[in-house]
Protein chains: 2
Amino acid sequence: MNEKKRGRPRAFDARETLEKAREVFWDRGYAGTSLDTLSAATKLNRPSLYGAFGDKEALYLDVMEGYRAESMDALADALDPSFPLRDNLARVYDSALAVYLHGETAARGCFLIGTATAEAIQHERVRDLLSRSLEDFDGAIERRIALAVERGELPEGTDAGMLARLASAVMHSLAVRARAGDSREMLEALAKSGVDMICGRA
Amino acid sequence: MNEKKRGRPRAFDARETLEKAREVFWDRGYAGTSLDTLSAATKLNRPSLYGAFGDKEALYLDVMEGYRAESMDALADALDPSFPLRDNLARVYDSALAVYLHGETAARGCFLIGTATAEAIQHERVRDLLSRSLEDFDGAIERRIALAVERGELPEGTDAGMLARLASAVMHSLAVRARAGDSREMLEALAKSGVDMICGRA
DNA sequence: TTCATTTTGTACCATTTCGCATAAAATGTT
DNA sequence: AACATTTTATGCGAAATGGTACAAAATGAA
């Protein structure tokens, strides 16, 4: 790859453009974001946006997929099995909160839970990608928890699948509460309680 | 009240209109719903909508408040302290799922988490009402859990506030997952695990 | 009956929205 | 240098959007 293309070269970087678009969608939602707003934020005019990403829904799906991939990378880092499960989970929630509490006017929470859920009924592809994202997240935690059971970090007979979904449930709640304006202290306390719930009080 | 008013009587019932508007907002989100759609669904023309409820944001806030109030009523019923806490929580999740799994094209999840979170950044009044709704919900569960600790249903020294927020977290997750298309079986299993998590496996 | 008051329905308005047509600009190819 | 190809920029246009003006209709009050 990286062969020189024929025509006029692009004056923008696709990754940077998707990041700018993500900021806008994150604050205003999918339906609440116009192409003009996207055009202003990315400094691309609409025909360039169309040429590079297709219509608004395709652009949004691109942004969703980027967020999903980044989140899974961060999750994989946080779940490094050379550390105890308790540390892993604390780091999962910590790194999520670092993202959720960022924002210009107010904390933005999770991009997917904050914006994709609203579109999930009307846009089947959004719903499917959202569903897959949640499943992937659950799956990664489930595998780490299953390992913890093997290692004796958690009692034998633990249902790794359901315990993982409970761990994800705490994440979902952090996502919603952050966007509703809960304080960092409250969210950190909930995260800590979540860790205790999964790993035990000890 | 109920005094006869002076002018031409209304040809519609405000409660029914708000219910129709809720259906539309629930499926399409706030920004994704146009006044024409609302007008068609409620069978009121736009000037009547404005006269009765104010602009689109005011109408949405009315719908939010109605949903919040109904939810709190249902929650109070479910938390009837003459039943064990375990039964209470199971009923809380059951009645929530009955609402969340309803929908024409797809399960709609929770109205607030599914639609209000998206607007929470841009619309401060939506964010505040969302925040208050979550707090009220947490508070009602916390009071029931505190009672359970007094009664010895839960171990002494239990942090009722945090345990209640974990119980709410399971609700939030049910809300998100339902809208993402999870099956009823999966959601019921998660609810059951949530009850076990709060009340113990016994 | 006449008037005041409120709701209804039609029509309208300014703006925004999405999408595209078209031409100019910037590159590689021959 | 001439051409093919791709991106950029301007701008158009049809439709949708939120909101309102205004007159007709329906009621109670005087």
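It should be emphasised that the depicted structure is a prediction, and the values quoted were computed from it without experimental measurement. Note on naming: letters A, B, ... go to the chains in the order of the sequence lines (proteins, then strands), and numbering restarts at 1 for each one. All heavy atoms count here, side chains included; hydrogens, waters and symmetry mates do not.
Of the possible polar contacts, one joining the B:Asn88 side chain to the B:Asp80 backbone as a donor-acceptor pair under 3.5 Å is found. Listed for the A:Arg127 side chain is no donor-acceptor partner under 3.5 Å among the backbone atoms of A:His123.
Separating the CG atom of A:Leu38 from the C1' atom of C:dT17 is a distance of 12 Å, rounded to the nearest angstrom. Rounded to a whole Å, the CG atom of A:Asp36 is 19 Å from the P atom of D:dA15. A:Leu35 has its CG atom 9 Å from the P atom of C:dT17, to the nearest Å. Separating the CG atom of B:Leu44 from the C1' atom of C:dG9 is a distance of 12 Å, rounded to the nearest angstrom. Straight-line distance from the CZ atom of B:Phe12 to the C1' atom of D:dA26: 15 Å, rounded to whole Å. For A:Arg10 and D:dT8, the CZ to P distance is 7 Å, given to the nearest whole Å. The distance between atom NZ of B:Lys43 and atom P of C:dG9, rounded to the nearest whole Å, is 13 Å.
When the nearest nucleotides of DNA chain D are assigned to B:Pro9 and A:Ala11 by heavy-atom distance, the more 5′-ward of the two goes with A:Ala11.
For C:dT16, neither phosphate oxygen OP1 nor OP2 lies less than 4.0 angstrom from any side-chain nitrogen or oxygen of A:Ser34.
Closest to the B:Arg6 side chain, of the nucleotides C:dA25, C:dA4, D:dG18, is C:dA4. Distances were taken from every side-chain heavy atom of A:Arg8 (C-beta onward) to each of C:dA26, C:dT6, C:dT17; the shortest belongs to C:dA26.
Residue A:Thr33 is classed as a sugar-phosphate contact, given heavy-atom separations below 4.0 Å to backbone atoms only.
For the segment residues 45-63 of chain B, the set of residues with a heavy atom within less than 4.0 Å of an atom of DNA chain C comprises B:Asn45, B:Arg46, B:Pro47, B:Ser48, in numerical order.
Defined by atom type and a distance below 3.5 Å, a donor-acceptor pair is missing between the side-chain atoms of A:Asp36 and A:Ser34. Using modelled atom types, one finds no donor on one side chain facing an acceptor on the other under 3.5 Å when comparing A:Asp196 with A:Ser193.
Just one of A:Tyr60, A:Tyr100, A:Tyr30 meets the ring-ring contact (aromatic ring centres under 6.0 Å, His included) condition when paired with A:Phe111; it is A:Tyr60.
Minimum interatomic distance between B:Ala120 and A:Arg179 (heavy atoms only, all atoms of both residues): CB-O, 3.7 Å.
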**Prompt:** After noting the C-alpha distance and the side-chain angles of A:Arg68 and A:Glu65, does the key distance pass the salt bridge (charged side-chain N to carboxylate O under 4.0 Å, His left out) rule?
**Reply:** CA-CA 5 Å; A:Arg68 189 201 66 80; A:Glu65 171 55 26; 2.9 Å; yes
